[in-house]
Visitor: 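My structure is below; once you've seen it, I'll send some questions.
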Amino acid sequence: MRLDKILANQGFGSRKDVKKYIKKGKVQIDGKTIKDSSFHVDPKESEIVVNGQVLDYRDYIYIMMNKPKGVISATEDHVETCVTDLLDKFYRPFSLFPVGRLDKDTVGLLLLTNDGELAHRLLSPQKHVEKTYEAHIEGYVTDQDVEAFKQGVELDDGYVTKPADLIIAEAGDISYVRVVITEGKFHQIKRMFASLGHKVVELERLQMGSLVLDDQLERGDYRELTEEEIQQLQAH
Ligand code: URA
């Protein structure tokens with residue numbers, strides 16, 4: 001791959017910016033200064049040093065975000081703020097996208113990556129990847145609701161959901177519950193509760209497969225996954 005393309009893809013700036021860098025002699029490949037932007041190099045085989053720092057070349061980026069309210073799970077929109085708008089501009093060249101969607105008013109764990117294969121596996125209905133949510137529900141949630149979730153709930157369009165776990169932490173005028181589902185139908189949890197006569201007032205995702213929301217992340221914050229988290233996700 002061309003040297004300028006590699007550096008631009010890795011977030012070092014536009015093609016024009018990196019060409020300037022290279023021309024100034026700020027880039028070494030396997031110990032030799034290279035001033036030719038069109039120089040071809042295999043970034044996985046050679047050591048590329050930029051401004052004295054060894055390039056940590058990555059094909060894929062994996063980010064855990066604690067999604068705040070008011071942003072949509074998309075990459076581009078003319079009106080709304082998208083989750084990708086919250087990322088540092090360093091990540092722009094990687095074309096990251098959210099793995100699945102959280103509603104605009106849902107908060108919590110959202111994975112962003114450019115690894116299409118992993119995203120496909122995590123979202124595949126055949127894989128039954130568990131997603132865990134905490135929710136505040138208007139009205140008393142009962143053992144009958146728990147049983148209905150276990151049996152599968154008929155949604156407004158006639159679809160019957162796969163068995164889901166509903167755990168009541170506290171029942172009251174507002175009930176506090178935990179829900180585990182293995183599907184990702186549009187507004188699924190809200191529609192499941194609506195079918196049983198309840199309204200979801202707050203919804204937060206805590207876990208997706210092996211990936212657990214880092215409680216050190218404030219809403220709107222994000223971090224890259226650790227090697228261990230990536231490996232665990234790859235095993236799905
Ligand atoms: N279920 C919903 O209703 N909304 C979400 O954002 C996620 C699951």
Side-chain angles (χ1 to χ4, degrees), residues 63-77 79-87 96-113 118-141 145-146 148-169 174-215 217-222 233 236:
I63 285 179
M64 171 193 296
M65 177 180 284
N66 186 347
K67 180 192 169 297
K69 283 190 184 195
V71 297
I72 61 167
S73 300
T75 55
E76 242 185 85
D77 194 273
V79 182
E80 308 278 2
T81 305
C82 299
V83 286
T84 47
D85 294 332
L86 304 183
L87 300 175
L96 302 178
F97 57 86
V99 178
R101 280 160 193 262
L102 290 179
D103 299 335
K104 190 173 167 185
D105 59 351
T106 301
V107 297
L109 177 64
L110 188 66
L111 173 66
L112 294 121
T113 186
L118 176 76
H120 187 260
R121 273 207 310 285
L122 290 174
L123 297 175
S124 162
Q126 280 83 43
K127 294 277 181 183
H128 307 291
V129 173
E130 289 190 344
K131 281 142 283 202
T132 304
Y133 295 82
E134 256 179 23
H136 301 182
I137 310 295
E138 233 170 54
Y140 268 78
V141 174
D145 297 324
V146 172
F149 268 59
K150 205 183 278 173
Q151 296 304 319
V153 174
E154 185 173 339
L155 302 181
D156 45 11
D157 58 0
Y159 176 79
V160 179
T161 61
K162 299 235 159 58
D165 283 334
L166 170 60
I167 299 128
I168 305 171
I174 297 284
S175 299
Y176 299 89
V177 301
R178 194 169 265 238
V179 182
V180 184
I181 56 174
T182 57
E183 306 169 278
K185 301 281 174 213
F186 182 63
H187 294 332
Q188 179 158 342
I189 292 180
K190 291 175 188 162
R191 288 164 70 212
M192 287 173 87
F193 278 106
S195 287
L196 303 173
H198 294 294
K199 185 171 177 225
V200 174
V201 284
E202 296 286 342
L203 188 60
E204 175 180 23
R205 183 157 64 191
L206 299 177
Q207 191 165 351
M208 183 177 186
S210 56
L211 192 62
V212 180
L213 179 62
D214 183 337
D215 61 11
L217 284 180
E218 302 282 342
R219 295 265 188 255
D221 281 355
Y222 59 87
L233 272 186
H236 279 291

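In each ligand, atom 1 is the first atom listed, and ligand 1 is the first ligand listed.
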Visitor: Provide, to 0.1 Å, the distance between atom 6 (O) of ligand 1 and the closest protein heavy atom, together with that atom's residue and name.
Guide: D103 N, 2.8 Å
Visitor: Would you mind listing which atoms of ligand 1 come within a distance below 4.0 Å of any non-hydrogen atom of T106?
Guide: 4 (N), 5 (C), 6 (O)
Visitor: Please tell me if the side chains of L233 and L111 come closer than 4.5 Å, counting only heavy atoms from C-beta onward.
Guide: yes
Visitor: Is there any N or O on I189 that sits under 3.5 Å from an N or O of ligand 1?
Guide: yes
Visitor: Less than 4.5 Å apart, side chain to side chain, heavy atoms only: is that true for F186 and R101?
Guide: no
Visitor: Minimum heavy-atom separation for M192 to A164, with atom names?
Guide: CE-CB, 3.9 Å
Visitor: Show the nearest heavy-atom pair for residues D145 and H198, with the distance to one decimal.
Guide: OD2-NE2, 3.0 Å
Visitor: Only one of Q151, E183, R191 passes side chain to side chain contact (heavy atoms under 4.5 Å, CB included) with T161; say which it is.
Guide: E183
Visitor: Quick one: does ligand 1 sit under 4.0 Å from the side chain of L203, the backbone, both or neither, non-hydrogen atoms only?
Guide: side chain
Visitor: Check each atom of ligand 1 against the heavy atoms of Y133 and keep those under 4.0 Å away; list them by number with element.
Guide: 7 (C), 8 (C)
